[in-house]
Amino acid sequence: MPEIPIYDPQVVETAWQGRWAERHTNEPDLDRPRAPFYNLMMFPYPSAEGLHVGNMFAFTGADIYGRLKRLQGHDVFEPIGFDAFGIHSENYALSVGTNPARLIPQNIENFRRQLRRLGGMFDWRHELSTTDPAYYKWTQWLFLQLFAAGLAYRKRAAVNWCPKDKTVLANEQVINGRCERCGTPVEQRALEQWFFRITDYAERLLANLDRLDWSESTVALQRNWIGRSEGVELVFETPAGRKIAVFTTRPDTVFGATYLVLAPEHPLVEELIAVEQRVAVKTYQREVQGKDIVSRKVGDKTKSGVFLGSYARNPATGEAIPIWIADYVLMEYGTGAIMAVPAHDKRDFEFAGQFGLPIRQVVKVEGEPLPSVSEVGVLAGSGAFDGLPCREGGRKIVEWLAARGAATPRVQYRLHDWCISRQRYWGAPIPIIYCESCGPVGVPERDLPVMLPVIEDFRPDDTGVSPLARHKEWYHVPCPRCGRPGRRETDVSDTFLDSSWYFLRYPSTEFTDRPFDSGRTKTWLPVTTYIGGNEHAVLHLLYSRFITMVLRQLGHVHFEEPFPKLRAHGLIVKDGAKMSKSRGNVVIPDAYIRQWGADTFRMYLMFLGPFQEGGDFRETGIVGIRRFLDKVWQLAHEAAAHRLRPALPPDVERKLHQTIKKVTADTESLDYNTAIAAMMEYVNLLRETGSGKREALEPLVVMLAPYAPHLAEELWVVLGHTGRSIFEERWPVYDEALATTGDVEIAVQVNGRLRGRVTVPRGTPEAAVVKRALADEGVKKFVDGKPIKKTIFVQDRLVNLVV
RNA sequence: GCCCGGGUGGCGAAAUGGGUAGACGCACGAGACUUAAAAUCUCGAGGGAGGCAACUCCCGUAGAGGUUCGAAUCCUCUCCCGGGCACCA
């Protein structure tokens with residue numbers, strides 16, 4: 001037997017990466033595919049630190065799936081790109097004193113190197129970067145589509161302002177009242193901003209979730225975020241005839257509403273202030289305005305508020321009840337005003353207690369002290385409605401009030417319109433020109449892109465005005481409509497706008513005259529399978545769905561949902577904690593790949609735990625995968641040396657078919673850890689029985705190919721298949737009959753306790769199994785001559801004798 | 001507080017239309033090879049009790065109950081960990 005060469009992954013992997021590039025192995029025919037399969041993964045943010053193992057984990061898992069589909073005969077398009085605009089890059093650029101336009105290409109180059117080294121099946125012809133003018137030209141085009149459709153609007157509103165990053169943030173970017181990026185408490189500022197009317201689509205975004213094949217966890221997060229709630233708008237009238245609308249989900253408690261509370265910034269406050277309360281109210285309003293969102297929104301603190309000095313009539317009781325303002329009522333939810341029912345709402349109860357306001361119980365629930373919020377009680381103190389159960393009583397009360405015009409059913413969402421303005425430098429400029437006479441005018445398509453100028457002083461300041469405003473030559477432009485002097489919009493757009501459509505661009509990157517080609521789009525979209533992390537469940541994924549809906553409505557695409565199938569992968573943690581720079585536990589993969597090879601590293605990441613749950617990165621254990629690959633290497637070389645092609649022993653053949661069955665099912669369902677374990681079991685059997693023959697090895701090498709693509713290519717050549725990639729081959733097929741032949745071991749229980757085992761041919765009927773079982777010594781001892789009352793038999797698994 | 005996950009050997013984990021708990025791997029122990037080490041190979045192993053031993057029995061999937069011939073899996077309650085939302089009316 002010839003000497004078996006040493007497995008050196010560095011040599012094998014670089015060789016194959018070179019061959020893939022030369023032979024265009026990973027570049028499907030985008031115009032005439034037989035079976036298009038768009039395998040998408042969430043593109044990375046090219047930071048200066050490079051890809052960390054979390055990214056590698058996600059990309060490997062997605063790549064394995066793509067390679068499986070490829071081997072199953074699909075033309076798999078697996079593109080990659082870079083989400084390179086944004087505050088993170090900009091802040092880093094500021095800290096090192098270089099323009100991000102100069103830094104980003106270096107970062108991208110480093111990412112490319114790492115991604116190539118990992119052995120992903122990427123089609124590099126279609127790489128994109130959101131910072132490329134050829135890309136953001138169309139991001140700006142997208143903005144203009146929404147603008148023209150009336151879905152982009154400008155309003156002065158209280159927005160989230162991060163005093164450290166000196167920019168506004170979308171609601172989705174505020175975590176517990178803090179900036180998601182830097183953790184600084186977010187302030188409220190009243191600024192003119194651009195918004196997208198995503199709330200117009202709330203119902204559809206919610207309803208469509210039912211028909212998407214998505215990970216349950218992601219669906220739950222989106223549902224939660226959209227936050228649909230059904231209720232009623234009730235009208236309380238002041239003596240002067242001013243109507244105050246409140247939103248409530250508990251109209252059954254209206255008889256217990258003993259006061260009203262408006263948000264401090266509610267527009268009716270001004271005219272409802274009584275003279276003697278003027279000073280107190282104004283002081284309170286100022287106080288609230290200065291508060292940051294953390295101290296305003298985070299609960300479990302004493303309530304504050306002030307009486308306006310005026311009253312409104314409770315439409316149910318007819319009584320005049322006092323009107324207050326308090327910061328626990330938020331302007332952005334509902335109508336910005338509530339009816340307070342202290343007996344049946346925790347917050348109102350606390351507030352009433354603090355300010356000595358009346359508490360009137362109108363729902364009786366046994367054994368529940370006030371505030372009683374349960375909906376299972378019966379009404380009391382509610383006039384004609386006394387004695388009715390809450391829900392029914394609520395319906396009747398609404399009917400009764402509606403007849404008098406004081407109640408309207410209403411659906412309320414937690415979702416807000418998407419604020420897309422950012423007072424920063426490193427983003428796509430919003431393509432608007434302001435004109436004295438024409439107002440905001442969209443930049444004509446022929447003038448796109450509005451180039452982001454390369455400037456030296458891009459530091460943001462505290463004025464709420466973007467750095468671009470300081471660049472007069474860029475800032476001053478004639479109005480495209482009337483030609484008079486105008487000025488550019490100086491805000492750039494949120495990076496989530498960049499990423500809300502990148503999947504549409506990938507198949508069409510070579511077209512400079514359109515954002516996405518209609519033929520390509522029809523062929524490749526919607527995305528076949530999307531794999532990514534749940535950290536984007538309510539940001540990127542919600543925005544992309546919204547943008548796609550709009551594009552569909554405007555006739556640009558033929559589908560409403562961009563990602564019919566989505567799988568969320570888990571998180572890789574280190575020592576039980578999320579990896580982050582501040583914790584100093586970020587694992588950089590380069591050294592591991594250098595030491596063990598990409599194939600070993602890929603498989604190790606997948607073997608850590610279930611892909612969709614994530615796992616803890618520990619370097620112990622990686623050697624186990626390497627040993628496995630060494631064994632496969634050894635076996636394949638031995639098999640290649642065999643001239644004869646003897647038939648496989650029956651037990652090996654059976655195990656082979658069982659392994660194909662399990663690896664096929666587990667790879668399809670992303671249960672990569674158990675698929676790997678199944679291949680290991682098979683290899684162990686081959687070694688034990690000395691059956692490392694070609695027939696036994698070839699199917700294994702193909703199944704291994706998605707996991708360890710370089711090694712599989714190499715061994716495929718070793719096994720004599722020169723000239724074409726293993727990824728041109730077909731995934732092995734198993735024979736159900738062969739997978740289920742042979743003997744099985746059946747557990748024998750007596751009274752439900754395991755007392756013995758018998759080995760019988762598969763499919764042995766009950767009577768024969770029982771007979772064999774009763775002959776077993778251990779079983780005999782426990783049956784002990786007692787009559788058998790009942791026998792439970794599970795084919796090929798177990799028999800239970802009840803005596 | 002509300003909504004999702006999850007809790008199984010020393011460790012990462014398997015097994016949930018109820019049916020032999022701990023596959024696979026790491027670490028560990030013993031042995032083989034070696035001058036030695038590494039690598040590799042073989043064997044062992046949930047815990048406890050008894051026995052020289054093959055072996056036998058008991059206990060065991062966060063905890064407590066329950067349903068069942070039979071529960072890691074189903075039901076009820078409790079505890080703990082992770083994630084999301086949170087003064088959302």
Side-chain angles (χ1 to χ4, degrees), chain A residues 175-177 215-225 227 229 231 246-250 253 261 296-301 303 326-330 332-341 344-348 350-351 373 412-416 534-535 537-538 570-571 573 576-578 603-604 607-610 612-625 627-628 630-631 634 671 673-684 687-688 744-757 778 781 789-803:
Chain A
I175 309 294
N176 287 329
S215 294
E216 276 305 315
S217 54
T218 315
V219 172
L221 288 169
Q222 286 217 350
R223 255 202 199 108
N224 239 309
W225 189 261
S229 117
V246 303
F247 175 74
T248 179
T249 53
R250 292 297 302 277
T253 62
V261 189
R296 171 150 180 197
K297 279 203 174 169
V298 171
D300 293 337
K301 57 177 178 75
K303 301 260 180 300
D327 68 355
Y328 80 93
V329 174
L330 310 171
E332 69 262 25
Y333 189 77
T335 59
I338 61 155
M339 66 172 193
V341 186
H344 305 293
D345 182 282
K346 221 178 130 214
R347 298 150 298 180
D348 298 344
E350 202 179 306
F351 191 82
V373 298
Q412 178 65 39
Y413 299 92
R414 204 184 143 280
L415 181 71
H416 298 331
N534 261 341
E535 66 271 22
V538 293
L571 199 68
V573 298
K578 200 169 166 172
M603 285 187 79
Y604 171 62
F607 196 60
L608 275 178
Q612 293 178 83
E613 282 165 40
D616 204 341
F617 186 89
R618 297 222 175 89
E619 44 194 285
T620 63
I622 191 162
V623 67
I625 295 288
R627 283 178 193 149
F628 167 70
D630 279 333
K631 289 173 194 171
Q634 179 89 15
D671 293 308
N673 55 333
T674 49
I676 293 170
M679 289 189 275
M680 287 174 166
E681 276 189 58
Y682 178 61
V683 164
N684 290 345
R687 285 162 54 84
E688 278 161 30
V744 283
E745 195 182 49
I746 291 186
V748 182
Q749 297 182 339
V750 178
N751 288 341
R753 300 184 69 102
L754 183 72
R755 297 302 181 189
R757 298 183 168 99
K781 202 164 95 192
K789 282 194 266 184
K790 192 174 166 191
T791 306
I792 288 118
F793 178 73
V794 182
Q795 185 73 59
D796 297 335
R797 312 255 352 198
L798 152 154
V799 61
N800 186 8
L801 307 169
V802 185
V803 299

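Chain naming here is simple, since letters A, B, ... match the order of the sequence lines and numbering starts at 1 in each.
Here B:A27 is the nucleotide among B:G19, B:A14, B:A27 with the atom lying nearest to any side-chain atom of A:V623. Among B:A89, B:C87, B:A21, the nucleotide with an atom closest to any side-chain atom of A:F247 is B:A89. Among B:A27, B:A14, B:A89, the nucleotide with an atom closest to any side-chain atom of A:N673 is B:A14. Between B:C59, B:A13, B:A86, one nucleotide has an atom nearer to the side chain of A:R414 than all others, and that is B:A86. Residue A:R797 places its side chain closer to B:G19 than to any other of B:G19, B:A89, B:C24.
Distances shorter than 4.0 Å separate none of the side-chain N or O atoms of A:N534 from OP1 or OP2 on B:C4. The side chain of A:R757 places no N or O atom within less than 4.0 Å of a non-bridging phosphate oxygen (OP1 or OP2) of B:G19. The side chain of A:R347 places no N or O atom within less than 4.0 Å of a non-bridging phosphate oxygen (OP1 or OP2) of B:G1. Note on A:R687: a side-chain N or O is less than 4.0 Å away from OP1 or OP2 of B:C41.
Rounded to a whole Å, the CD1 atom of A:I792 is 15 Å from the C1' atom of B:U20. The distance from atom CG of A:D616 to atom P of B:G7 is 16 Å, rounded to the nearest whole Å.
Straight-line distance between the C1' atoms of B:A13 and B:A21: roughly 13 Å, to the nearest whole Å.
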